[in-house]
Each structure stands twice: as C-alpha cells, then as structure tokens.
2 protein chains.
Amino acid sequence: MPTSPTAKGLDAPQSSSSQTENGGRKLSNFLCFAIYSANLAFGRAYKPILDKLGLTYTQYVAMVALSEEDDQTVGTLGEKLFLESNTLTPILKKLESEGYLQRRRDPADERQVRVTLTPAGRKLVEMDPGAALTDAIGLGDEFPVVQQTVAQLRDNLLRATQAGSEKV
Amino acid sequence: MPTSPTAKGLDAPQSSSSQTENGGRKLSNFLCFAIYSANLAFGRAYKPILDKLGLTYTQYVAMVALSEEDDQTVGTLGEKLFLESNTLTPILKKLESEGYLQRRRDPADERQVRVTLTPAGRKLVEMDPGAALTDAIGLGDEFPVVQQTVAQLRDNLLRATQAGSEKV
DNA sequence: TCTATATAAATCGTATCCGATTAAATCGCA
DNA sequence: TGCGATTTAATCGGATACGATTTATATAGA
C-alpha cells in the first residue's frame, strides 16, 4: 500500500498551474529526465579524457569493476555493472583484443568465463581518468549525499521493477 | 583556479583506506556510475509501461518535450533534450510513421524542419505513463531536491565540457 | 546411467548516442 | 548581384543496451 508525499503525479512533483498547453507536465520536473540527461553529460565530459586512452565509458567502468575484484565471471561482473552477457561479452572481447584483460573458461565449470586484468589493464585504471572531473561537477560537500541518494533510488527502482514482474 | 572540497579525487570522494586491491577506487563511490546505473534502472522501470503504448523511452521524452511547446524545430527540440539531429531525426521519423507527429519543412526557412504533435500524439502524452513510478522511486520529500541537484550537476558538467573545448 | 531441466555465455535484431561528413538553404558582404 | 562562409538536417559508421533465442555445459531424478 504505497503512499508517498508526492503521490499522484508522473515521475515528477505536482504543479497544478499549467504554464504550458499540456497539463503542467514539464520535462524539467521529471527526475528520470534529470538522470537521463546527466548521464549524457557525464558521457560527454568523460569522452575527451577517455579518448586519449582509447577507451569508451562502459569499457572504463568495466575495468574499474574488475580492478575492485579480479578474476570475476561475466555473470558477477554483470551484477556489479547492472548489465548482462549480451551487452558485456562484446565489450570484454574488445578489451581483450586490446590487451587489457584476459577471458578464460573456468576449468571447474566450462559454462563460466573468468575475466582478469592484465598488467596493462591495471596500469590504465591506476591513471584514474575520472579525477579531472570532480571540480566540473561542482557539488562540493553535497557530493557523497547525492551519490548515495541516486544509488538508493536506483536500488528502489530495480527492486520495484523486479517485484512487478514476478512469475505466476 | 578550481578548489573544491573534494578536490584530488576521481569522480568520487576520497578514501585512503583501500578495502580492495586497487587504490580505494570503488565503483560504488563514483557519482557517474550512480547516475549511469540509475538511468539503466529508469529505462527498465519504464519499459513495461511504455511497451504497452508501443513507445521507447527516448520517443516518450521527445513527445513530452513537444507537448510542452508545439511546432518546434529539430534544433530547439534537441536543445531541450540535449540531443542533436543525428539522434533525433530517426526517432522523429519513426514517431511520424506511427502517426504521433508531423514533420514539415519551414516555408520561411527550408533548412529547418518543424515538428507538431498530432491529436493521437497529444492523447498519448496525456496518459501520463510515468505516473506509476513515483512510489517506486521512494524518495518522498527529497524528490524535488534530488531532481534539482542532479539537473544542476548536469548543467555544471556541460558548461565545463563546453569551456574545455573552446576553439583556438 | 540417461535424459529432462537448469544455467552461463554468446548471438542476433532493434533502438539509441555520437563524431564526422554531406546536402541543401541562407547569409554576408564586397 | 554573386559567391564563399555559415547554418540546419540528414546520413553513415562504431559502440552500447536489451529482449529473445541459441549453444554448451552441468545437475537432478527416475
């Protein structure tokens, strides 16, 4: 029995005054759009930095996840990144072909593929390309709070989405 | 001369204690990753809802932007959505082929294409598909604050990115 | 043991994003 | 007036995301 303070309204707070011709549905009030467009902005901010390293954003994130814990399977790596093998496999193959990691079938269970960073890959992560962006974000002290809050809403959403698609 | 409280560190707050084998670089501390994964989560939460309407998320957002202000050019629509014609054109063509909007060259300036919602398109937006998600987000009172903060960091990032690529 | 089921990764088709380029129309200015 | 520079969309190629399917391997139970 859900009862939120902002109940009733789209994925945005209510505003009965309709400045526009629709029903007060302004893109700028959508939280999903703020997240969506902030994600685009991050991608663009990272691009010139990662271009120098020959990495895309997703490739970079995958490398960071691997540096956190090495020798993961595609599955566990995917859990951390919220991605599945259909997205991950091509990315990992690309990174392998560039010499940043290795993919190996697990001898104990040939269904699984284990992924390990190479020294070159580890070196790349240690360059810490994201460092340059902290100032550009301009949140100051708020940084950790926002990070936590956004992660929380993500987890809430995923849980709700899962719950909604429960099997018969 | 940038001096933020969290200066020095990746796009994440500093933590000298290295729980992992890398250098304290944990994906869970990256703001960019929180945003990235929250965006994936929103996409998945919206999917079952929008599937019923035969829309993708980006298509839906474009329709909302149009309902805010009709008869926009591809360019101004793109400014609102932070997208350019290379992304927008195929999406708008699809929506046109489905009868939700119309694309017309502006007689006064044949370079521009003006986009208008059809009655069917307007009806679709009025169904307000995002409404079901407010509770799932689970932020309560915090909702507008988070929305504002994320929009702010997006604008900061975009400004910084632009500034960095100033032409000679 | 033998086979039905389950699981992990990979493959495939569709829809974004985005940089780079192209094509068409307009503008600037001698 | 005329032509080079600018502007606006559209096109093209590469890299994600993701649902659906396929392939290979492992497991369970008769």
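From a predicted model like this one, the values you see are computed outputs, not experimental measurements. By convention in this document, chain letters (A, B, ...) are assigned in the order of the sequence lines, proteins followed by strands, and residues within each chain are numbered from 1.
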Taking any heavy-atom pair under 4.0 Å as a contact, classify [X]: base, sugar-phosphate, or nothing.
{"X": "A/Leu88", "result": "nothing"}
{"X": "A/Ile91", "result": "sugar-phosphate"}
{"X": "A/Thr56", "result": "sugar-phosphate"}
{"X": "B/Arg114", "result": "nothing"}
{"X": "A/Gln59", "result": "sugar-phosphate"}

Between atom [atom1] in [X] and atom [atom2] in [N], what is the gap in whole Å?
{"X": "B/Asp51", "N": "C/dA15", "atom1": "CG", "atom2": "P", "result": "12 Å"}
{"X": "B/Leu77", "N": "D/dT8", "atom1": "CG", "atom2": "P", "result": "14 Å"}
{"X": "B/Gln112", "N": "D/dT6", "atom1": "CD", "atom2": "C1'", "result": "13 Å"}
{"X": "A/Leu50", "N": "C/dG19", "atom1": "CG", "atom2": "P", "result": "13 Å"}
{"X": "A/Tyr36", "N": "D/dA17", "atom1": "OH", "atom2": "C1'", "result": "13 Å"}
{"X": "A/Leu92", "N": "C/dA8", "atom1": "CG", "atom2": "P", "result": "16 Å"}
{"X": "A/Phe42", "N": "C/dC18", "atom1": "CZ", "atom2": "P", "result": "14 Å"}
{"X": "B/Tyr60", "N": "C/dT16", "atom1": "OH", "atom2": "P", "result": "15 Å"}

Please name all residues satisfying ring pair (Phe, Tyr, Trp, His ring centres under 6.0 Å) with B/Tyr57, sequence neighbours left out, ordered by chain then number. A/Tyr36, B/Tyr46
Give a yes or no on this: more than 12 heavy atoms of other residues, nucleotides or ligands lie within 6.0 Å of atom CD of B/Glu84. no
Near B/Glu98 CD, under 6.0 Å, is it more than 12 heavy atoms from other residues, nucleotides or ligands? yes
Go through the steps for B/Glu68 and B/Lys80 under the test salt bridge (charged side-chain N to carboxylate O under 4.0 Å, His left out), then give the verdict. CA-CA 10 Å; B/Glu68 254 188 80; B/Lys80 293 207 174 93; 5.9 Å; no
Any idea which heavy atoms bring [X] and [Y] closest together, and the distance?
{"X": "A/Val61", "Y": "B/Leu27", "answer": "CG1-CD1, 3.9 Å"}
{"X": "B/Ala34", "Y": "A/Val150", "answer": "O-CG1, 3.5 Å"}
{"X": "B/Val146", "Y": "A/Leu31", "answer": "CG1-CD1, 4.2 Å"}

Side chain proximity check, A/Asp109 to A/Thr73, heavy atoms < 4.5 angstrom: no
Check the phosphate of D/dA26 against A/Arg105, side-chain N and O only, distance under 4.0 Å to OP1 or OP2. Yes or no? no
Report yes if at least one side-chain N or O of A/Thr58 is closer than 4.0 Å to OP1 or OP2 of D/dA15; otherwise report no. no
Distances under 3.5 Å only, N/O to N/O: pair up the protein atoms with those of nucleotides 20-29 of chain C.
from	atom 1	to	atom 2	distance (Å)
C/dT26	OP1	B/Glu110	N	3.4

Using the closest heavy atom to pick a nucleotide of DNA chain D for each, name whichever of B/Thr73 or A/Tyr57 lands nearer the 5' end. B/Thr73
Ignoring hydrogens and geometry beyond distance, is the side chain of B/Thr89 in donor-acceptor contact with the base of D/dA9 at under 3.5 Å? no
Closest nucleotide among C/dC17, D/dC18, D/dA9 to the B/Arg44 side chain: D/dC18
Picking from D/dT16, C/dA9, D/dG19, which would you name as closest to the side chain of B/Lys47? D/dG19
